[in-house]
Amino acid sequence: MEKTTDYLNTLNDVQKNAVTQSNGPVLVVAGPGSGKTRVLTYRIAHHIHSGVRPDSILALTFTNKAAREMKSRIEEVVGPSAKRVWAGTFHSIFARILRVEAHQIGYSSNFTIYDTDDSKALISSIIKELNLNKEQYNANSIRSRISSAKSSLITPVLYTKNEELLLQDKQNNRPAFKDIYAAYVARCKRSDAMDFDDLLYRMFELLQVNPDNVLDKYREKFQYLLVDEFQDTNHLQYGIVRKLCHYEGSPRNICVVGDDAQSIYGFRGATIQNILDFEKDFQPFGIMVFKLEQNYRSTEHIVQAANEVINFNTRQIQKKIWSDKGQGEKIKLIKALADTEEGKRVVDHLVEQKNRFHFKNIDFAILYRTNAQSRIFEEYLRRYNIPYKVFGGQSFYQRKEIKDLLAYLRLAVNPNDDEALRRVINFPKRNIGNTTFNKIAEKAASLNLPFFQVINQSGLSNRAANTLMQFAALIQDFHTKTTTLNAYELGYFIAKRSGIIDEYKKDKTPEGEGRLENLNALLDGIKIFVEDDLVEENEEGISLDKSLSSYLQNIALITDFDQEEGEVDRVTLMSVHSAKGLEFKSVFVVGLEEKLFPSFMSLEKIDDIDEERRLFYVAITRAEQLLTLSWAASRYKFGQMRYNEPSRFLEEIPEIHFENKPKSNSLFSETTTPTTGSSIKGYFKKEPNFNAQDFGIDPNNFKPSPAASIQPGMDILHLKFGRGTVQSIDGGAANKVATIRFEHLDQPEKRIMLKFAKLQIVE
DNA sequence: GTTGGTATCTGTGGA
DNA sequence: AGATACCAAC
């Protein structure tokens with residue numbers, strides 16, 4: 001096995017030390033592009049080469065993609081035994097363990113996994129049942145508060161004992177939160193369902209309560225632990241990790257890798273505190289700290305700009321990221337007047353770069369703060385015939401038709417799944433309306449049983465009772481077949497037998513056809529799941545499980561992101577959050593405006609601004625060679641035009657790293673366009689071919705009227721053409737075009753797109 | 001119970 | 001602007 005240490009020669013000294021320091025606690029602080037994944041994978045490979053059993057290694061990541069990548073890279077070094085390493089996301093690994101141990105904590109191994117929509121629906125119905133005001137009790141805020149309670153290990157019982165939390169609820173005018181929380185947990189339990197947080201929380205509970213000594217079982221099993229993206233773990237996740245390796249007599253073979261500067265999931269409970277706690281907890285056991293500071297990804301202007309930006313954050317682990325890839329190109333800045341113009345100019349730049357540097361589409365990414373921003377870039381990319389792929393947004397599994405079929409599948413596996421039942425009890429239509437359903441719900445509540453178990457009970461009209469009986473028989477039939485059919489056979493059977501396929505076949509619109517295609521795609525997916533025999537080959541028990549139950553638990557934790565895309569040459573469009581861990585030759589970070597990036601939600605608290613800054617840091621460090629930043633002075637939000645100031649983050653990058661950053665006053669004051677219109681000047685300076693004053697319009701007092709208010713017959717002022725009269729308006733709602741007559745012009749009739757125009761009505 | 005219209009909210013981020 | 005949620009009329 002002389003080949004074994006070849007891989008060490010590809011590492012720098014720090015990386016090598018982090019890889020070979022096999023025993024005891026290790027903290028790796030890894031800057032962007034510093035070879036973090038290499039360290040993790042080689043470290044695991046190194047364990048295996050040193051004789052560690054692959055299945056005693058547990059590597060936890062945040063995304064399936066990261067896990068998959070890790071596995072395949074380990075396999076390159078050590079061969080097929082890499083498959084037996086327990087590498088996966090927190091959620092998927094724990095789901096897998098819980099499936100085996102569920103009975104220990106009052107669940108069945110067929111438990112359902114509620115996604116966010118299920119949770120929200122359940123919370124809404126609880127709010128309704130408790131006769132609470134739904135404005136006062138916003139389901140989304142309730143859900144996220146429940147999530148943070150669970151992530152902080154606060155059960156409903158502990159919650160009611162916590163004066164501080166109760167006081168907060170009182171101050172927020174939500175005194176009944178504790179009741180909603182308790183009801184929510186009970187209802188999930190009643191339905192044999194776990195939400196995403198439960199997969200972590202119940203795992204912790206399992207180890208805490210320790211029935212049948214499971215704790216020892218897993219402590220012995222997992223001798224070597226690794227955690228990727230440690231800065232994104234929450235208190236609960238660290239709690240579980242600590243249970244597994246921080247105890248009397250433990251070898252404490254744990255390695256966590258993270259970068260405090262890239263912590264961007266504070267909103268879901270992630271805390272950098274975990275890094276500090278980790279150091280403290282393992283200090284007495286000879287913790288080794290390694291800092292990976294050399295960036296192998298980006299050229300120097302980019303790296304230095306990133307360093308400068310992140311320095312505005314006060315609390316951080318000191319490190320200096322550097323690159324030896326040469327100065328490289330300076331950063332480009334695009335300043336646009338409006339969101340649409342931003343779209344056009346970004347795509348123009350992209351095309352230009354593509355030609356100049358001979359890049360392929362796949363070398364480019366357009367990164368934005370919110371998914372809603374993708375639309376305009378898509379428009380221009382399509383117009384220029386550039387293939388692209390949008391990541392994020394509504395996922396395949398969130399489409400209505402997919403959720404419908406999945407709900408039936410879920411019911412077949414677990415008839416007690418109340419949220420699934422609620423979804424399909426009257427779809428396709430079988431005349432079971434709210435009245436009937438409410439009776440069922442009441443009955444269920446009074447007996448504390450799942451809906452399905454009270455479906456045949458009393459108090460209903462004959463007609464309703466009859467229909468319900470048929471429905472129950474249908475589900476029962478599906479349920480029985482779960483033991484005889486595999487996932488695909490059953491999926492196909494259910495799709496037909498439930499009437500879903502027929503229902504969507506009735507819809508002859510292109511939309512309906514699309515839905516049908518999606519349903520087929522889902523069934524194909526199930527088929528692939530069934531036919532794929534590359535699944536786990538573990539020594540203990542996790543055999544090739546092709547059951548529907550197993551399928552459902554798998555997909556519940558999968559995102560579109562995980563769908564393998566063949567080698568298609570497309571431009572990537574995604575949120576900055578989803579871009580973490582990726583790299584592109586050329587990156588466009590767009591929408592760099594105050595209230596957007598940084599997000600308006602973050603403006604109040606300095607900690608939140610710091611998180612936005614880390615997000616920006618993540619964004620710019622995705623770029624290898626070219627970085628282009630853009631912002632728009634105005635954009636539509638809620639169907640209304642908003643005027644924006646450039647992001648503070650632009651100012652935080654020193655001018656020397658910019659190719660074309662205008663003097664700061666022209667960038668940051670002249671073009672800002674507050675409602676007074678006083679600073680619209682900057683724009684006019686760039687348009688020397690006209691002078692607004694000529695028409696007696698003072699740009700400082702120019703107030704564009706909303707496009708919707710423009711009507712035929714009105715006299716209007718246009719900044720460029722002066723005073724005119726609206727002749728007519730035509731075109732669809734989104735693309736209204738006004739024909740306006742400006743008498744004083746040589747060609748008086750102008751056709752003006754209302755969407756883009758700035759017109760002020762003359763009173 | 002279903003249908004169609006209107007009111008309301010959203011659009012930080014994601015497993 | 002677009003989706004969803006709710007309500008009144010059928």
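Predicted model only: the values in this text are computed from it and were never measured. Note on naming: letters A, B, ... go to the chains in the order of the sequence lines (proteins, then strands), and numbering restarts at 1 for each one.
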side-chain hydrogen bond (donor to acceptor under 3.5 Å, both in side chains) assessment of E378(A) paired with Y388(A): CA-CA 8 Å; E378(A) 290 181 61; Y388(A) 62 87; 3.3 Å; yes

Using the side-chain heavy atoms of H577(A), tell me which of these nucleotides is nearest: dG14(B), dA15(B), dG11(B). dG14(B)

Between P of dA15(B) and NZ of K150(A), the distance in whole Å: 18 Å

Flag for S191(A)-D417(A): side-chain donor and acceptor within less than 3.5 Å: no

Whole angstrom value for the distance that separates P of dG11(B) from CZ of R642(A): 15 Å

Atom CZ of R143(A) to atom P of dG14(B): distance rounded to whole Å? 13 Å

Does dG14(B) have OP1 or OP2 under 4.0 Å away from a side-chain N or O of S575(A)? yes

Smallest separation among heavy atoms of E342(A) and V590(A), with atom names: OE2-CB, 3.5 Å

If I take atom CG in residue D195(A) and atom C1' in nucleotide dA15(B), what distance separates them, rounded to the nearest angstrom? 11 Å

Hey, does D115(A) reach any base, or is it just sugar-phosphate, or nothing, if we go heavy atoms under 4.0 Å? nothing

dA1(C) P sits how many Å from D339(A) CG, rounded? 13 Å

Within this structure, what is the CG-to-C1' distance between N431(A) and dT2(B), rounded to whole angstrom? 9 Å

Touch check for F600(A), heavy atoms < 4.0 angstrom, all strands: base, sugar-phosphate only, or nothing? sugar-phosphate

Categorize F90(A) for me: base, sugar-phosphate, or nothing, with a 4.0 angstrom heavy-atom threshold over every strand shown. nothing

Closest-nucleotide 5' rank along DNA chain B - winner of Y265(A) and R463(A): R463(A)

Over 60° means perpendicular and under 30° means parallel, so classify the ring planes of F616(A) and F649(A), tilted if in between. parallel

Where do N or O atoms of nucleotides 3-10 of chain B meet protein N or O atoms at under 3.5 Å, pair by pair?
residue : atom : partner : partner atom : Å
dT3(B)  : OP2  : K429(A) : NZ           : 3.4

Would you call R410(A)-E419(A) a salt bridge at under 4.0 Å N-O? no

Hey, does E612(A) reach any base, or is it just sugar-phosphate, or nothing, if we go heavy atoms under 4.0 Å? base

Starting at OH of Y636(A) and ending at C1' of dA1(C), how long is that distance when rounded to a whole Å? 10 Å

Just how far, in rounded Å, is P of dA8(C) from CG of N434(A)? 14 Å

For the side chain of E611(A), counting heavy atoms from C-beta on, which of dG11(B), dA15(B), dG13(B) is nearest? dG13(B)

Which comes earlier along DNA chain B counting from the 5' end, the contact point of F437(A) or that of M601(A), where each point is its nearest nucleotide? F437(A)

With respect to the phosphate group of dG11(B), does any side-chain polar atom (N or O) of N371(A) fall under 4.0 Å of OP1 or OP2? no

I'd like to know if D195(A) pairs up with K150(A) as an ion pair, taking the criterion as any Lys NZ or Arg NE/NH1/NH2 lying under 4.0 Å from an Asp or Glu carboxylate oxygen. yes

Among dG13(B), dG14(B), dA15(B), the nucleotide that comes nearest once only the side chain of F196(A) is considered: dA15(B)

Donor-acceptor contact below 3.5 Å, side chain S151(A) vs main chain S147(A): yes

Describe, in one word, how the ring planes of Y107(A) and F111(A) are oriented to each other, choosing from parallel (under 30°), tilted (30 to 60°) and perpendicular (over 60°). perpendicular

Just checking T116(A): base, sugar-phosphate only, or nothing, at a heavy-atom cut-off of under 4.0 Å? base

